[in-house]
Protein chains: 2
Amino acid sequence: MSGEDAPAQQQNAEEQKQQQQQETKTPAESPKTESKPDPPPSSASAEAATAADTPAPAAEKAPEEDTFSYRALVLTGYGGYDKVKLQVKKGKPALKSGEVMVRVKMCGLNFADLMARQGLYDRLPSPPVTPGMECSGIIEAVGEDVTDRKVGDKVLVLNRSGMWQEVVVVATTHTFLMPEGMSFEEAAAIPVNYITAYLMLFDFGHLRPNQSVLIHMAAGGVGIAATQLCKTVSDVTVFGTASASKHEVISQGGVTHPIDYRTRDYVEEVRKISPKGLDIVLDPLGGSDTHKGYNLLKPMGKLISYGAANMLAGQKKNLFVVAKTWYQQFSVHTLSLIQGNRSVCGFHLGYLDSETELIAQAMAVIMDLYRQGKIKPRIDSTYHLEQVGDAMRRMQERNNIGKIILTTEPMKEEEKKEEAKKDEEKKKDDKKKDDKKKEDKKKDDAKKEEKKEEKEEAKKDDKKAEEKEEAKKEEN
Amino acid sequence: MSGEDAPAQQQNAEEQKQQQQQETKTPAESPKTESKPDPPPSSASAEAATAADTPAPAAEKAPEEDTFSYRALVLTGYGGYDKVKLQVKKGKPALKSGEVMVRVKMCGLNFADLMARQGLYDRLPSPPVTPGMECSGIIEAVGEDVTDRKVGDKVLVLNRSGMWQEVVVVATTHTFLMPEGMSFEEAAAIPVNYITAYLMLFDFGHLRPNQSVLIHMAAGGVGIAATQLCKTVSDVTVFGTASASKHEVISQGGVTHPIDYRTRDYVEEVRKISPKGLDIVLDPLGGSDTHKGYNLLKPMGKLISYGAANMLAGQKKNLFVVAKTWYQQFSVHTLSLIQGNRSVCGFHLGYLDSETELIAQAMAVIMDLYRQGKIKPRIDSTYHLEQVGDAMRRMQERNNIGKIILTTEPMKEEEKKEEAKKDEEKKKDDKKKDDKKKEDKKKDDAKKEEKKEEKEEAKKDDKKAEEKEEAKKEEN
């Protein structure tokens, strides 16, 4: 982890205070403070150290505004994994009417966060900013006019950004009560993936019994959510792409036909089984895959594009790949849609943050399905905030099966030391990879040059042959 | 009516025979004859006359192949209303396995038929060909392996083409039993309009309570069907465009906000009432209206394009208008769809003719709604086959409120004489209109020329002024 590490002791102080607050909540302790949180500190390590050395003892009742602090992940600029740093924010966030403060337990990692880090997602405010669209936790304070939430409620939260920190303040409409028996990991894994999958399949897709669906990245968060939701409708055939090593898991999860997109042409594979095509294609890839998906649609079929994962070709933004994906991005004419009786939809939850009613309705159904045991998030792995770089790498390299979670629980000291060692190795490894890439590119360029020369030679030969032929013809 | 008129007597002969057949159906009279129907006669009037002069007396039992004849509308080439002619086809059509023969009572007129006449609809085979996508009638014969239909069944029929004639042979899957109490007019008005409206609103649109829908041409066949179907869902707000004279009727039919598109900007009108926009836009117009509709969509909104009525600017194809509509035709990029959380769909029933199961399911729901009294086709007017030109004109000039129907019942002699008079007047009227258009165009061109000259003058003046200005500056 390359971000600054916040000291573990601080968390303990915070937890003590939290408990006390919950035990003895009085109007004086209500969060209607006017003091605003400090702006994200630019050199957090120093402040973090200070905070750690002098934890405000709860017994002394120092003014909360001064002593309240919490760890937060902050995107400091666009770029690689190391651009997300762990910092400490000071000062108690102000609570406006209709807002609640949540002590965060777990956060969800999403593809949009990876895009955002590279500067490819316009819904995240400019750095420095705390990323993260979802988390779970416990309500620690409620603002004026909040009647449907109370301190101590366990909630999951969906927000445009800012969820990767220990304390968040959000409108109460962005929180949803956790059902009995749901873990904080599960709760943090639900909002983005399940609402996305639900609205795509049932609002745009109008999924019905006996239909067929293609799910790309079927082992990813949305992929697994979509598969489970497909299974709530009778006799739906699910085609799911994932690398071969993940097939067993996704098959057990409900994918009828797993396809290894690395070794097979998924279009051919689908056509073999479903010659008439598909009713719904969920497309998180963009670029040329959107064209393929469109051409796989049956009459009345729906293509739902919800990302451009193809734009992510490495840790840092690759302008060539971005431009290529953009260039290949699908565009369609209504006359083509009319003749094919087709629908093309675009979905991104990040642009729906003002649609609270729509989201609430979807969430209510999802919570019901959870209670009925029809859906259950699959957690791939849980990382400490300190390990956010590893977490992002795992997702970007598509090594996960299910959801990647960040926990706000601080790392133990021995874990940290191990982590530091691993970090060094990873940096070396990254450098090696980079060097290899550069070398490969050089070789590639050299080869291309050679080929070009060969082609030109060949052309010249062809031309000579043609000339001879012509000459012969003329002779005849 | 400019088509050749078939004699009325013939119809009587046919009816007698039909009755006899139904009364004494024996294997010998079963329709498994191998003789194919004659190709559409090129000079039908002579044949019609012959047929009329020597009606085959049923008592004499002349071979059916020779005596069986029926009137049919035939598109003889692309162009104006007079390109659809009434002709007589001879010979009993062969019935293949799974097919039925229907004695047609009523036929429905659709926008696609107008497009087809101008050569703008690629689902109609090349002329000479019988147009028409829907009709109602009585089953007169059934082919082998037909178990779900019997002679005497009243049916409505949906087919790619060929329905505007007295006798049609179709696959049994293209026929649907008429519910008790449904008139033949109503039955002929249902298939195209109601299936189109149903699949658009409920499959692509996923219409739900409290949503809002914009219906263009709300007094047309699809418009009225869509309005009625919207009303089957609670609290749906319907915006409907139509000229002011039709507002009372469409309001009674369920349109919440009628908008006179001729005097008002419908985008403004919608925004006044629904500032956030619309959930569904049904767009039969194409061209610039598709852009407007797209921009009116709410998040999760669906634009459903189902035609390019804007291409129809007159009786004959207007290449300029076609090109303009085509040029303005909407095209959308998935990234725009993603950022707006929008869906763009294309629908045309003509391209769904192989989707028998989908159609049957939709029709079953529609028939149920009819039985429950929740939908009821509104018949605008009924024309004889002889008057098909008038019928098409009424639709093209958008004078109808509801469905325009063609009846196979022959015209009475006195009606025919009146019709002939009217025809003459109309021809004169058309000529006048044409002349006026030409004159207007000349005037327009002259004006344009004037304006151009003015502009050039103005430009020159501007330039002079600029030059002066420059000179002044230099002086300073």
Side-chain angles (χ1 to χ4, degrees), chain A residues 122-123 199-200 202-208 210 276 279 283-287 290-291 293-294 298-308 311 325-326 328-355 357-359 361-362, chain B residues 122-123 196 199-200 202-208 210 276 279 283-284 286-287 290-291 293-294 298-308 311 325-326 328-355 357-359 361-362:
Chain A
D122 62 1
R123 295 301 281 171
L199 288 176
M200 290 198 300
F202 295 109
D203 192 342
F204 279 150
H206 194 221
L207 178 65
R208 281 157 300 162
N210 299 309
K276 281 188 73 182
D279 294 294
D283 169 34
L285 303 173
T290 316
H291 296 254
Y294 183 74
K298 267 185 196 172
M300 299 306 290
K302 291 108 184 163
L303 170 79
I304 304 156
S305 175
Y306 67 105
M311 277 192 190
T325 310
W326 181 269
Q328 289 180 337
Q329 201 65 8
F330 187 66
S331 150
V332 71
H333 200 277
T334 44
L335 290 179
S336 157
L337 291 169
I338 288 175
Q339 293 189 344
N341 281 293
R342 286 173 185 172
S343 160
V344 175
C345 320
F347 185 85
H348 202 295
L349 194 53
Y351 300 93
L352 274 185
D353 55 352
S354 58
E355 299 299 312
E357 204 180 324
L358 181 80
I359 301 290
Q361 282 168 2
Chain B
D122 62 1
R123 298 299 284 171
T196 295
L199 288 176
M200 289 197 300
F202 295 109
D203 193 341
F204 279 149
H206 192 222
L207 178 65
R208 281 157 300 162
N210 299 308
K276 282 188 73 183
D279 293 294
D283 169 35
T290 316
H291 296 256
Y294 183 73
K298 265 187 198 172
M300 299 308 291
K302 291 109 185 163
L303 170 80
I304 305 156
S305 175
Y306 68 105
M311 278 190 189
T325 310
W326 180 269
Q328 289 180 334
Q329 200 66 7
F330 187 66
S331 151
V332 70
H333 201 275
T334 44
L335 291 179
S336 157
L337 292 169
I338 288 175
Q339 294 189 341
N341 281 294
R342 288 172 183 171
S343 159
V344 174
C345 320
F347 185 86
H348 203 295
L349 195 54
Y351 299 94
L352 274 184
D353 57 350
S354 58
E355 300 297 311
E357 203 180 323
L358 180 81
I359 301 290
Q361 282 167 4

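Here is how names work: the chains are called A, B, and so on, in the same order as the sequence lines, proteins then strands, and each is numbered from 1.
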Pick one of side chain, backbone, both or neither for [X], based on which atoms fall under 4.5 Å of a heavy atom in chain A.
{"X": "B:T290", "result": "side chain"}
{"X": "B:I304", "result": "neither"}
{"X": "B:R208", "result": "side chain"}
{"X": "B:Q339", "result": "both"}
{"X": "B:D283", "result": "neither"}

Segment of A:K298 engaging chain B (4.5 angstrom heavy-atom cut-off):
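Neither the backbone nor the side chain of A:K298 comes within 4.5 Å of chain B.
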
Does any backbone or side-chain atom of A:F347 lie under 4.5 Å from a heavy atom of chain B? Answer side chain, backbone, both or neither.
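Both backbone and side chain.
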
Quick one, [X] and [Y] - any side-chain contact, counting heavy atoms below 4.5 Å?
{"X": "B:D353", "Y": "B:R123", "answer": "yes"}
{"X": "A:D279", "Y": "A:N210", "answer": "no"}
{"X": "B:L199", "Y": "B:L358", "answer": "yes"}
{"X": "A:L337", "Y": "B:V344", "answer": "yes"}
{"X": "A:M300", "Y": "A:H206", "answer": "no"}

Students often mix this up, so state it plainly: with edges at 30° and 60°, are the rings of B:F330 and B:Y294 parallel, tilted or perpendicular?
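Tilted.
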
In terms of heavy-atom pairs under 4.5 Å with chain A, which of [options] leads?
{"options": "B:G286, B:S305, B:G340", "value": "B:S305"}
{"options": "B:C345, B:G350, B:G307", "value": "B:C345"}
{"options": "B:L352, B:D203, B:L303", "value": "B:D203"}

Mind listing the closest non-hydrogen atom pair of B:G301 and A:F204 along with its distance?
O-CE2, 4.1 Å

